[in-house]
Q: 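Right, I'll just put the structure down here and ask away after.
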Protein chains: 2
Amino acid sequence: MANTTNLSKATAVRQRAVTMKDVAIHAGVSRTAVSFVLNNRQDASISEDTRARIKDAVQALGYRPNAGARALASQRSDWYGIVTEIVTAPFAVDTIKGAQDQAWLDRRFLLIAPSDQADAVGPNKGMEDAAIEKLLEQRVEGLLYAATFHRGVHVPQSAHEVPTVLINCFDLDGKLPSIVPDEHGGGRVAIARLLKAGHQRIGVINLDPIIPASVGRLAGAREALAEAGLELDPELVVTGHATADGGYDAACQILDRYPEKDRPTALFCLNDRMAMGAYDAIKERGLRIPEDIAVIGFDNQELIAAYLRPKLTTVALPFQKMGALGVQTLAILTAGQSIVANQQLVDCPLLERSSV
Amino acid sequence: MANTTNLSKATAVRQRAVTMKDVAIHAGVSRTAVSFVLNNRQDASISEDTRARIKDAVQALGYRPNAGARALASQRSDWYGIVTEIVTAPFAVDTIKGAQDQAWLDRRFLLIAPSDQADAVGPNKGMEDAAIEKLLEQRVEGLLYAATFHRGVHVPQSAHEVPTVLINCFDLDGKLPSIVPDEHGGGRVAIARLLKAGHQRIGVINLDPIIPASVGRLAGAREALAEAGLELDPELVVTGHATADGGYDAACQILDRYPEKDRPTALFCLNDRMAMGAYDAIKERGLRIPEDIAVIGFDNQELIAAYLRPKLTTVALPFQKMGALGVQTLAILTAGQSIVANQQLVDCPLLERSSV
DNA sequence: ATCATCTAGTTGCGCGCGTTACTAGATGAG
DNA sequence: CTCATCTAGTAACGCGCGCAACTAGATGAT
């Protein structure tokens, strides 16, 4: 009979799928017995013998459970949803990856909804709402809401209907728990690394000073300097546009402003794209990295950091970890338990390459 | 009553969801009537009056259809699955994006399954099988199987149980339809662009010469040259490791091998990462881009191409388009119709920036 | 011999929905 | 008045499954 099954499977593709009932008939038991065996229920008593017969039947028929029907009957879907900008964001994929892997471990499925514009005020706001709506129609048990740069957000109302965890952003108007990078610690570790290498005069290429990334990283930098008895010279902090060009311009400013002896010996770039531009400015002036000027970045944007020459030492944004932690947090919340902290910080580790 | 609903929604989060039955009772009709209205069935006759009452009830109660139950009853899920390496691949996200958007337009949902190793012989092969298995358990109606670089693959047997379309790869042992970039045309357009700018002596930084990308792009390059009455000088084709370092080394070879007058005036780099390294080699020699040496890349790896200085002119791999086309093809196949060609080529358009 | 307990299952309900078949009442033709 | 036809719905089944409640037979204690 296994024969005919294989045959029919090979010839006619669009056949009615094998159900538990088929398995039950094949094994000569009731459908319930099959269910018990497949779900490994301890309270039911099925002899080893029939248990084996059932498993054989499953194999022989190529039975595959119907996840939708199971969800319907059991009133739980084992699905989480994640909504995030997907393509505009080089980082989104890391968050997804982290969440996906963790979900996989927990035997859960991650539904990914597109949100071209996670920004709460954008013109595509409607799309984001629709995306969440779709996820809720799939009866996801929890939601992950991920931003591509650390910021405060307003989360659509519908997201409050199931447990929701914010990743790389925080709830501006509510109580939703969030997971964000420890920008402060990242700033510290970057500066600490430079200090350890003997640098005392450090230039900083800053981001827009009002965003959390800038605030946190600079505070951390100051703290690390203070511990070494140093201060951050405001003149050495230049704000640049968050691109390679911006980094180039800012680096030029810093490098050209001082005579060689007063020139900073290291640059802390608050993101890797700006570091990429800074590299150009440095090389253009005939200076070597890291011998003449050390450079340290932030973000660990793989495509940049790992391919710059020399490879860029940088502080990593822990997107994968945040994604995984998001799923873990969701697991706690959907289990009805409560979590300890409303905001969880995740370490930003230093990645040593060759630019310091 | 809208009041109490809102209230209960706000206070008790984990409430039984509103079902069609609730809507029916609220509107004073049968559940069937609700179903007819929601599905806009033409054959059923419901008066405008009750139709409105039902829609009001849907609004008032905040009814949201249960996608799983609907799938179960209607025997169609409106879901497609996509399996692809997700994080190892900077491109995967573009494919997903394209597919996702198209699916969204078609009112379908895209389930994304992780596959750390889409390679058919890798150690994680089991995971890929498991991923497909999971997708089939969700009763996806079709599968997209996407690779991160153009190559031949062996697709797991289970993927043959539903319509499957390969993206950026082709089926080594079967009949599965595939969608791949037009490497040949891309090579042509790159060289044509350089010719148009007056370059006659063109260096090529090649990839591993046996992969489809290399074969196709070089053939296209030769064709474009031939049309201009030129030939590709084999000496000017250097194979490099597909990284920035590899591009740097290859560029150095090409640049240092000839006296200035015989030096190529343009470099065609078969991927953007190698172009990134080539930039370094060129700048190191005091040469300017594009005045002294023009550079054209391939892939359009945004983070690189758009942030190099000068910005890199490159040929784009049409991942989004391939993803979208994949979904469209799947729609045809799942509708039971057959498609024209077993292999569809997608244009690789030239992206003009500033390096030519 | 009687009754309780245990083993190895089975019967049957309901999850939320799509869908087919049916029906009660209104309308019109003869 | 009778019968056919149309309008505006409704009753009921089944999708595949989980699960609570039940049962037939075997075993053991009294």
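Numbered from 1 within each chain, the chains take letters A, B, ... in sequence-line order.
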Q: Can Gln157(B) and His160(B) be said to form a side-chain contact (heavy atoms from CB on, under 4.5 Å), step by step?
A: CA-CA 6 Å; Gln157(B) 184 53 37; His160(B) 293 73; 4.0 Å; yes

Q: Near DNA chain C, which residues from residues 45-57 of chain B have a heavy atom under 4.0 Å away?
A: none

Q: Would you compute the distance between atom CG of Leu143(B) and atom CG of Leu176(B) and round it to the nearest 0.5 angstrom?
A: 10.0 Å

Q: To the nearest 0.5 angstrom, please state how far the CD atom of Glu85(B) sits from the OG1 atom of Thr95(B).
A: 10.0 Å

Q: Mind checking the CD1-CG spacing from Ile82(A) to Leu135(A)? Nearest 0.5 Å is all I need.
A: 10.0 Å

Q: I need the CZ-P distance between Arg76(B) and dC17(C), as an integer number of Å.
A: 17 Å

Q: Quick one: what's the B/S/- string for nucleotides 14-24 of chain D, heavy-atom cutoff under 4.0 Å, read 5' to 3'?
A: BBBBBBB----

Q: Return the OG to CD distance between Ser158(B) and Glu133(B), rounded to the nearest 0.5 Å.
A: 5.5 Å

Q: Tell me the closest heavy-atom pair linking Thr164(A) and Leu166(A), and the distance in Å.
A: CG2-CD2, 4.1 Å

Q: For the helix from dA1(C)-dT30(D) to dG30(C)-dC1(D), what is the angle between the axes at its two ends, each from 5 pairs, rounded to 10°?
A: 70°

Q: List in chain and number order the residues that pass side chain to side chain donor-acceptor pair (under 3.5 Å) with Gln328(B), two or more places apart in sequence or in another chain; answer none if no residue qualifies.
A: Gln102(B)

Q: Provide the full list of ring-ring contact (aromatic ring centres under 6.0 Å, His included) pairs with a residue in residues 39-63 of chain B, sequence neighbours left out, each pair given once.
A: none

Q: Please collect all side-chain hydrogen bond (donor to acceptor under 3.5 Å, both in side chains) contacts where either partner lies in residues 65-79 of chain B, sequence neighbours excluded, each pair once.
A: Gln138(A)-Trp79(B), Arg76(B)-Asp78(B)

Q: Val140(B) and Tyr80(B): side-chain contact (heavy atoms from CB on, under 4.5 Å), yes or no, with the steps?
A: CA-CA 5 Å; Val140(B) 294; Tyr80(B) 293 147; 5.6 Å; no

